[in-house]
Amino acid sequence: MSEEKPDMAMLLKALADTPKRDNSAYHQAIAEARRAFEAAEARLGGPVKVKIKIKTKSNGDYVVKWTFRRMP
């Protein structure tokens with residue numbers, strides 16, 4: 001059991017030394033999504049339903065299409 005502790009310590013140190021991810025694009029996309037929901041609710045006058053269509057283009061682009069509809 002004592003042999004496992006140095007391995008765990010090395011693993012934790014390696015994890016701590018790994019570079020941090022840049023999540024700024026993710027945070028920007030989430031902020032834009034929230035603004036889109038707010039705008040749809042304001043324009044349609046209340047709660048909305050959303051339909052999502054996702055497509056990966058041949059050049060590698062990831063496309064998400066959102067269609068908002070007023071809740072019945």
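One is the number of the first residue; the rest follow in order along the sequence.
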**Q.** Residue pairs involving residues 27-40 (criterion side chain to side chain donor-acceptor pair (under 3.5 Å); sequence neighbours excluded)
**A.** Gln28-Glu32

Q. Can you list every side chain to side chain donor-acceptor pair (under 3.5 Å) pair that touches residues 44-65, not counting sequence neighbours?
A. Asn59-Asp61

Q. Are Val48 and Val64 grouped together when hydrophobic residues (ILVMFWY) are joined by side-chain heavy atoms under 4.5 angstrom apart?
A. yes

Q. Can you name the closest pair of heavy atoms from Phe68 and Ala40 and give their distance?
A. CG-CB, 3.6 Å

(Q) If you compare all heavy atoms of Ala33 against all heavy atoms of Trp66, which two are closest, and at what distance to 0.1 Å? (A) CB-CH2, 3.2 Å

Q.
Under the salt bridge (charged side-chain N to carboxylate O under 4.0 Å, His left out) definition, can you give me all pairs with a residue in residues 9-26, not counting sequence neighbours?
A. Lys13-Asp17

Q. Remaining members of Tyr26's ILVMFWY cluster at a side-chain heavy-atom cut-off under 4.5 Å?
A. Ile30

